[in-house]
Protein chains: 2
Amino acid sequence: MSGSIKNWQSVQAEVLRRIHARIWRPGAQIPNEADLAAEFGCARATVNRALRNLAEAGLLDRRRKAGTRVALQPVAKATLDIPVIRLEVEGRGQRYGYRLMAREAGPPPPEIAAAMGIDAAGAALHLVALHLADEDPYALEDRWINLGVVPAARNAPFDEISGNEWLLAHAPYTHGEIGFSAVIADAAAIAALACPDPSALFVLDRLTWDQTRVVTKVRITYGPGHEMTTAL
Amino acid sequence: MSGSIKNWQSVQAEVLRRIHARIWRPGAQIPNEADLAAEFGCARATVNRALRNLAEAGLLDRRRKAGTRVALQPVAKATLDIPVIRLEVEGRGQRYGYRLMAREAGPPPPEIAAAMGIDAAGAALHLVALHLADEDPYALEDRWINLGVVPAARNAPFDEISGNEWLLAHAPYTHGEIGFSAVIADAAAIAALACPDPSALFVLDRLTWDQTRVVTKVRITYGPGHEMTTAL
DNA sequence: CAGTGGTCTAGACCACGAT
DNA sequence: TCGTGGTCTAGACCACTGA
């Protein structure tokens, strides 16, 4: 018996050690919570907290009655933080700049309207803006805001504050989808981001909802060479 | 007062409702755990579970003594699941195929050795493999395995099983880094993935460690149009 | 110093689901 | 059916940190 195991972090560490040392093999069942609690001399709730945490991380598979097993194919979970772009730039120690390039209210084109679930009569606000880091182009934002859901956006000062930040402060959302992909820079992107032709650009698409209605749809096109990283 | 609030999910839902309804504004402090427990008629631990969960999701900021506040700039956390490619393909309902294209053991080139922390005398195994979905190229895998850490890899059957899956089963890792970016397809990628020239390809770079030593370094280059999505 | 969140405990009941 | 994890409770002590 090693040092005292009393808190959930040390239980988790000990479980990790056993998995890593192959004492508990991938696919194998591990003792149940009550037995582990007895072995470690702590409460079952403490063991539960540790194991639940590891299961959320994908290292354990837990099922009632079937027990807890070491995951066979631990699915890596990469948690990406997607901050407001201003904070992302400032976090790199660069000076942030913002320039609104286009702003137009009106019915969106059919494919946008369909993706956002806006009918023909509905109105949307289209914004195109450039985010700068130390005066250099950093990312291009192309956003549609559903004015049926956020009417106040029609008169919001988007020449001073980015759509992202204004919406965060004024239009909460309940859930959303996010997607990452790579695209060849089109003419507009080449001009705005001052990148060579051809360029491969990293793109983030986001669609956010308030209950059943789309609040906003945005595509962020990052400058060439952009990388999004995280610990695993 | 709505229906009874007894479990942490309903506490969380109620807190979300209040944030969303602007009863608790961004930046504002909310009541402490004990008060909320009294209001909801449940134990403090239940409130704690709900609020801790929301804090992990980035919607609340919690600090001892300072209390709990509604986050000013809720950082969106996108959790990407990075499964084994075989499961990713099969999950789309396609048939998975795998072809080893190159395999060579020896000292890695300087930039790879540096990234992996291998000295001049160290040996590595270089694998290039193609993953197929319904016979079509799906992703190109370019992997370096540190033979100093995983000597058994030298004789592993990588013509039958992908480096990813073999390593998961035989070489546990303690932590890693992952990065996503976009690249212009080079000649090798164009040939292997059968994509037009030029193409923008989505790339995943991963470096995994066992304690202090790099286990493997891999770059997965996905076929054109690949998108990685997740709920928000 | 004192208020707040972080955690542990011992016990209890329940929901799920494998057999 | 009944073993297992999921959760709740009431109470307690502690760690951190703002005032």
Side-chain angles (χ1 to χ4, degrees), chain A residues 1-16 18-19 24-72 74-75 77, chain B residues 1-16 18-19 24-72 74-75 77:
Chain A
M1 180 76 44
S2 52
S4 57
I5 292 180
K6 280 277 159 193
N7 50 340
W8 72 267
Q9 287 100 334
S10 57
V11 170
Q12 174 166 333
E14 173 61 13
V15 171
L16 273 175
R18 292 186 187 184
I19 293 174
W24 293 335
R25 308 236 151 204
Q29 185 165 354
I30 76 174
N32 67 34
E33 294 187 349
D35 289 350
L36 287 175
E39 185 197 339
F40 294 146
C42 65
R44 182 164 80 93
T46 306
V47 174
N48 178 275
R49 173 82 188 267
L51 297 187
R52 179 173 18 106
N53 219 40
L54 290 172
E56 279 166 9
L59 277 96
L60 295 176
D61 284 332
R62 316 194 76 194
R63 265 156 37 224
R64 281 164 157 131
K65 167 79 177 178
T68 300
R69 293 174 175 280
V70 179
L72 227 24
V75 174
K77 311 243 182 198
Chain B
M1 179 75 44
S2 51
S4 58
I5 292 181
K6 281 278 158 194
N7 50 338
W8 70 268
Q9 288 98 332
S10 57
V11 171
Q12 174 166 334
E14 173 61 14
V15 171
L16 274 174
R18 293 185 187 183
I19 293 173
W24 293 335
R25 308 235 150 205
Q29 185 165 354
I30 76 174
N32 67 33
E33 294 188 347
D35 289 349
L36 286 175
E39 185 198 339
F40 295 147
C42 66
R44 181 164 80 93
T46 305
V47 173
N48 179 275
R49 173 83 188 266
L51 297 188
R52 179 175 16 106
N53 218 40
L54 290 172
E56 279 166 10
L59 278 96
L60 295 176
D61 285 332
R62 317 194 75 195
R63 265 161 33 227
R64 282 164 160 134
K65 166 77 179 178
T68 300
R69 294 177 174 278
V70 179
L72 227 24
V75 174
K77 311 242 182 198

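Owing to the predicted nature of the structure, the values given are computational and were not obtained by experimental measurement. Proteins come first, then strands; the chains are lettered A, B, ... in the order of their sequence lines, and each starts at number 1.
The residue from B/Val47, B/Asn7, B/Leu36 that alone fulfils the side chain to side chain contact (heavy atoms under 4.5 Å, CB included) condition with B/Cys42 is B/Val47.
Regarding contacts with the backbone of D/dT4, every side-chain N or O of A/Gln29 stays at 4.0 angstrom or more from both OP1 and OP2. Between A/Asn32 and D/dT4 there is a side-chain polar atom (N or O) within less than 4.0 angstrom of OP1 or OP2. The shortest distance between the side-chain N/O atoms of A/Asn48 and the OP1/OP2 oxygens of D/dG5 is not below 4.0 Å. Between A/Thr68 and the phosphate of D/dG5, there is a side-chain N or O to OP1/OP2 separation shorter than 4.0 Å.
In the set D/dG5, C/dT9, D/dT9, C/dT9 carries the atom at the smallest distance from any side-chain atom of A/Thr46.
Rounding to whole angstrom units, CZ of residue A/Arg62 and C1' of D/dG6 are separated by 9 Å. Rounded to a whole Å, the CD1 atom of B/Ile30 is 12 Å from the C1' atom of C/dT4. With rounding to whole Å, A/Glu56 atom CD is found 9 Å from D/dT7 atom P. Distance B/Gln9 CD to C/dA15 C1': 12 Å, rounded to the nearest Å. Here D/dG6 presents its C1' atom at 14 Å from CZ of A/Arg49, a figure rounded to the nearest Å.
In the helix from C/dC1-D/dG18 to C/dA18-D/dT1, the terminal helix axes, each the rotation mapping four pairs' C1' atoms onto the next four within five end pairs, subtend 20°, rounded to 10°.
At a threshold of 4.0 Å, the pair B/Arg18-B/Glu39 counts as salt-bridged, since one of the basic side-chain nitrogens sits closer than that to a carboxylate oxygen. In summary, A/Glu56 and A/Arg62 do not engage in a salt bridge, as defined by a charged side-chain N under 4.0 Å from a carboxylate O.
For A/Trp8 and B/Ala34, each mapped to the nucleotide of DNA chain C holding its nearest heavy atom, the one lying further toward the 5' end belongs to B/Ala34.
A/Arg69 places no side-chain N or O within donor-acceptor distance of the main-chain N or O of A/Ala28, the cut-off being under 3.5 Å. Counting only distance, with no hydrogens or angles, the side chain of B/Gln29 and the backbone of B/Ala66 share a donor-acceptor pair below 3.5 Å.
Atom OG1 of B/Thr46 and atom CD of B/Glu33 lie 10.5 Å apart (nearest 0.5 Å). To the nearest 0.5 angstrom, A/Thr68 atom OG1 is 12.5 Å from A/Arg52 atom CZ.
Residues A/Leu54 and A/Val15 meet the side-chain proximity criterion, which asks for heavy atoms closer than 4.5 Å.
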Show each protein N/O and nucleotides 13-19 of chain D N/O combination with a separation under 3.5 Å, one pair to a line.
| residue | atom | partner | partner atom | Å |
| --- | --- | --- | --- | --- |
| D/dA15 | N3 | B/Arg64 | NE | 3.2 |

Might you work through the side chain to side chain contact (heavy atoms under 4.5 Å, CB included) test for B/Leu60 and B/Leu51, ending with a clear yes or no?
CA-CA 8 Å; B/Leu60 295 176; B/Leu51 297 188; 3.8 Å; yes
